[in-house]
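To start, the structure itself, in structure tokens.
None of the values given here were measured: they were computed from a predicted structure.
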Amino acid sequence: MAQETPDRSAAPRPPYRPREGGSGDRDRDRGGGRSFGGPPGMRRPRRKVCTFCVDKVQRIDYKDVGRIRRYISDRGKIDPRRKSGTCAKHQRMLTTALKRARLMAMLPYTADHVRGLMSPQARAMAGGPPPPKPERPPFRPAGEFRPAGAPPRPAPAPQPTAPVPPPQPPANEG
């Protein structure tokens with residue numbers, strides 16, 4: 001009643017074949033296929049290169065607004081490294097330069113369309129112009145009460161007054 005187990009070492013192995021579309025070189029094939037979890041046939045996006053490293057920039061100047069403006073989103077936020085492609089060292093220098101340029105009012109903290117959505121009080125708190133003052137009703141002297149929107153009363157006719165005799169000096173008796 002002993003069962004024989006098949007000997008697996010005796011089975012011939014199929015010959016090695018590289019994956020479809022591959023050249024057999026693992027280092028070269030690393031960018032293709034589904035290795036990053038996407039659908040089949042989709043390639044991994046090419047890694048971005050730090051433009052500051054390519055240009056051999058030692059320091060990023062906050063006064064170079066034309067260059068550092070590219071690293072701000074349309075809403076005024078600083079772009080992250082994964083979007084801009086800058087290295088960690090230059091991203092730190094870029095962030096400092098952008099903050100200095102904002103402080104010196106060379107770059108905006110927020111975009112124009114975002115500022116348009118803010119309430120006047122919030123805009124004033126963010127350093128913008130003060131909110132407009134509300135319309136004040138016209139000045140009414142004390143004693144005259146009239147509901148708003150009511151037509152003005154005609155002025156009373158002046159009362160005829162009797163002429164007042166001039167004061168006479170006190171008579172001296174003596």
Side-chain angles (χ1 to χ4, degrees), residues 16-155:
Y16 171 74
R17 280 191 247 143
R19 285 190 227 146
E20 292 179 26
S23 62
D25 188 3
R26 285 191 305 168
D27 294 333
R28 212 177 320 151
D29 289 341
R30 204 162 271 185
R34 301 182 344 175
S35 62
F36 71 102
M42 182 130 172
R43 290 183 50 111
R44 178 181 296 207
R46 186 177 170 129
R47 181 168 164 78
K48 295 177 182 163
V49 181
C50 177
T51 56
F52 297 107
C53 289
V54 170
D55 297 339
K56 296 187 169 84
V57 173
Q58 296 295 321
R59 293 183 47 148
I60 300 175
D61 190 12
Y62 72 94
K63 292 173 276 192
D64 191 5
V65 179
R67 178 174 220 161
I68 63 176
R69 178 167 275 159
R70 290 183 295 183
Y71 298 95
I72 294 182
S73 69
D74 60 339
R75 296 183 69 87
K77 296 179 178 182
I78 300 173
D79 283 342
R81 279 183 58 205
R82 66 178 179 272
K83 185 175 177 194
S84 62
T86 55
C87 65
K89 179 176 100 173
H90 285 114
Q91 180 71 23
R92 287 191 296 270
M93 292 193 324
L94 178 67
T95 303
T96 305
L98 285 168
K99 289 178 180 178
R100 284 182 180 159
R102 284 175 174 170
L103 186 71
M104 300 299 289
M106 295 174 165
L107 291 174
Y109 280 96
T110 57
D112 289 331
H113 70 278
V114 175
R115 276 179 267 157
L117 299 174
M118 295 171 71
S119 68
Q121 287 80 15
R123 196 175 306 124
M125 288 178 64
K133 297 197 175 196
E135 285 290 321
R136 295 182 69 191
F139 174 74
R140 292 191 196 127
E144 180 186 334
F145 174 74
R146 176 171 48 94
R153 283 192 246 147

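In this structure, Ala97 and Ile68 approach most closely via the heavy-atom pair O-CD1, 4.1 Å. Here the closest heavy-atom approach between residue Met93 and residue Arg59 is recorded as CE-CA, 4.0 Å. Of all heavy-atom pairs between Asp79 and Lys83, the closest is OD1-NZ, 3.7 Å. When all heavy atoms are compared, the tightest approach of Arg102 to Pro108 is NE-O, 3.7 Å.
Within the model, atoms NZ of Lys89 and SG of Cys53 stand 6.5 Å from one another, a figure rounded to the nearest 0.5 Å. One finds the CG atom of Asp64 at 9.5 Å from the CD1 atom of Ile60 (value rounded to the nearest 0.5 Å).
At distances below 3.5 Å, not a single donor-acceptor pair connects side-chain atoms of Lys48 with backbone N or O atoms of Ser84. A donor-acceptor pair is defined here as one N or O able to donate and one able to accept, closer than 3.5 Å; such a pair exists between the side chain of His90 and the backbone of Val57. In this structure a side-chain-to-backbone donor-acceptor pair under 3.5 Å is present from Ser73 to Lys77.
Arg67 has a carboxylate O that lies under 4.0 Å from a charged side-chain N of Asp55, or vice versa, which qualifies the two as a salt bridge.
By the 4.5 Å heavy-atom criterion applied to side chains, Gln91 and Ile78 are counted as neighbours. The shortest distance between side-chain heavy atoms of Tyr71 and Thr51 falls below 4.5 Å.
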Side chain to side chain contact (heavy atoms under 4.5 Å, CB included), that's the test. Do Tyr62 and Leu107 meet it? Break it down for me. CA-CA 10 Å; Tyr62 72 94; Leu107 291 174; over 6 Å; no
